[in-house]
Amino acid sequence: MPELPEVEVTRLGIKPYIEGRRIDAILVRNGDLRWPVPVGLHKDLTGTWIKTVTRRGKFILIGLMDAGQNDRGTLMVHLGMTGTLRVLQGDTPAQLHDHIDIRLQDNLLRYRDPRRFGAVLWHGLEDGPIANNRHLRDLGVEPLMSPFIESGGEILYRQTRGRSAPIKQILLAGQIVVGVGNIYASESLFRAGINPKTAAGRIGLERYWRLAGAIQDVLAAAIQKGGSTLRDFVGSDGASGYFQLDYFVYDRAGQPCRVCGTTIRAIRQGQRSSFYCPKCQK
DNA sequence: CACGACTCCTGCTGGC
DNA sequence: TGCCAGCAGGAGTCGT
């Protein structure tokens, strides 16, 4: 389920409870995720300390060090469509789809993923800089950081010249800017007044500035809203911890546009659903 | 290279 | 009420 805001809220929720802790044990109940969980993961992780909890795109990056403060590598966690990461008391019984337990000094970091579209990967020192990881190296810029903050419109404009693919597809691909998933792509395009079918190369600089602002507004609002659910990521074994903005168009096919009253339309683009207002978005 | 179709998996929902 | 086809918020891979 998660798009960037859900991943960021997960990261913020677990970080205070796992950073600085030692990893005492790893239990992999089912390593058959999107890619196989590395078989030797327990050897790489056990006895190391969690130094950093960061994010790149939709990957949560857990940086590890040894007792001498030397970097040891990075644990990469992707939540796919249905993944969750929770901090729990060590004696919390595992439920169906609780695939991985990372046992810390004073608690338990648990990965659950019913659909198993997510991933838990290891990037060791021998693999070089984490930025060169095959899953990270081709990602676009972060939407809520420099340079997108100050140059977002120009970046979108420049990188789409000559591109015939619909702007919705370009956003989802994540090669220009990361973190915009299916929901927030529709929502951002609505707020920018751009039809999702428009060829990306035919959109001008001024409209891309509006889109860049819309992407930042939508993602930032979702993260802020998620802040109220932070406690769900700790000690809570049930509630999803995820959250929804009040959508303008997503999943509102057949309902009136909240701005102009025109009926919202649903279309398929690249096997995914898109929603838009035919009057507000040209 | 750019683009679009297909794929992995389980769980729910909407329509009959 | 019960059944089941179809669809779900990601993203890598492959064929054209």
Side-chain angles (χ1 to χ4, degrees), chain A residues 1-10 29-37 55-60 76-85 95-100 111-121 133-140 143 158-190 196-203 215 218-219 221-223 225-226 229 238-255 266-276:
Chain A
M1 308 196 167
E3 298 190 30
L4 186 144
E6 291 83 357
V7 177
E8 179 66 4
V9 168
T10 296
R29 294 188 190 80
N30 183 357
D32 188 19
L33 303 183
R34 168 106 203 224
W35 296 282
V37 175
R55 180 186 57 73
R56 177 71 178 102
K58 293 169 191 162
F59 275 95
I60 292 174
M76 304 173 59
V77 180
H78 198 295
L79 302 177
M81 300 249 270
T82 53
T84 55
L85 263 183
Q95 297 183 28
L96 187 65
H97 307 308
D98 285 344
H99 303 311
I100 300 176
Y111 178 82
R112 175 182 300 177
D113 188 359
R115 218 164 145 188
R116 288 190 278 122
F117 278 13
V120 174
L121 301 170
N133 180 275
R134 63 185 289 262
H135 300 290
L136 306 183
R137 66 188 174 206
D138 295 325
L139 293 181
R158 181 161 33 84
Q159 308 239 5
T160 50
R161 291 312 87 191
R163 303 285 301 268
S164 63
I167 181 59
K168 165 85 174 340
Q169 309 272 81
I170 297 274
L171 288 178
L172 281 187
Q175 294 186 336
I176 300 176
V177 59
V178 296
V180 185
N182 204 43
I183 293 177
Y184 299 127
S186 280
E187 292 297 304
S188 300
L189 288 166
F190 173 81
K197 291 179 288 193
T198 310
R202 293 189 13 245
I203 298 172
I215 288 169
V218 165
L219 295 180
I223 290 171
K225 181 147 188 178
T229 71
S240 83
Y242 292 133
F243 45 88
Q244 285 190 175
L245 286 180
D246 294 323
Y247 301 137
F248 279 102
V249 290
Y250 182 80
D251 206 22
R252 295 195 65 242
Q255 299 177 51
I267 57 173
R268 299 288 293 179
Q269 292 183 286
Q271 327 300 111
R272 315 295 299 279
S273 55
S274 297
F275 301 86
Y276 70 103

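Lettering follows sequence order; numbering is per chain, from 1. These numbers come from the heavy atoms of this one structure, side chains and all, not from hydrogens, waters or symmetry mates. A quick note: this is a predicted structure, and the numbers were derived from the prediction, not measured.
Nearest nucleotide to the side chain of A/His97, out of B/dC3, C/dT13, B/dG11: B/dG11. Comparing C/dA11, B/dC3, B/dG11 by their closest approach to the side chain of A/Ser164 singles out B/dC3. Closest to the side chain of A/Arg116, from the set B/dC8, B/dT10, B/dC3, is B/dT10. You'll find that the side chain of A/Ile170 is closest to B/dC3, out of C/dG12, B/dC3, B/dG4. Comparing atom distances between the A/Phe117 side chain and each of B/dC9, C/dA11, C/dT13 picks out B/dC9 as nearest. Taking the side chain of A/Arg163 as heavy atoms from C-beta on, and the options C/dG9, B/dA2, B/dG4, the nearest nucleotide is B/dA2. Of the listed nucleotides (C/dT13, B/dG4, C/dG9), C/dT13 has the atom at the smallest distance from the side chain of A/Arg134.
Scanning all heavy atoms of the two residues, the minimum distance from A/Pro166 to A/Gln269 falls at CB-NE2, 3.5 Å.
Checking A/Gln269 against A/Gln175, the closest nucleotide of DNA chain B that is more toward the 5' end is the one next to A/Gln175.
Distance A/Asp32 CG to B/dC9 C1': 9 Å, rounded to the nearest Å.
Taken together, the paired segments of DNA chain C that extend over three or more consecutive Watson-Crick or G-U pairs, each closer than 3.5 Å at both contacts, are B:2-8 with C:10-16, B:10-16 with C:2-8.
Salt-bridge annotation for A/Arg29 and A/Asp98: absent, with no side-chain N of the basic residue lying under 4.0 Å from a carboxylate O of the acidic one.
Remark: A/His78 is in phosphate contact with C/dA11, judged by side-chain N or O atoms under 4.0 Å from OP1 or OP2.
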Protein-nucleotides 4-8 of chain C N/O pairs closer than 3.5 Å?
| unit_1 | atom_1 | unit_2 | atom_2 | d |
| --- | --- | --- | --- | --- |
| C/dA8 | OP1 | A/Arg268 | NH1 | 3.4 |
| C/dA8 | OP1 | A/Ser273 | OG | 3.1 |
| C/dA8 | OP2 | A/Arg268 | NH1 | 2.8 |
| C/dA8 | N3 | A/Arg115 | NH1 | 3.2 |

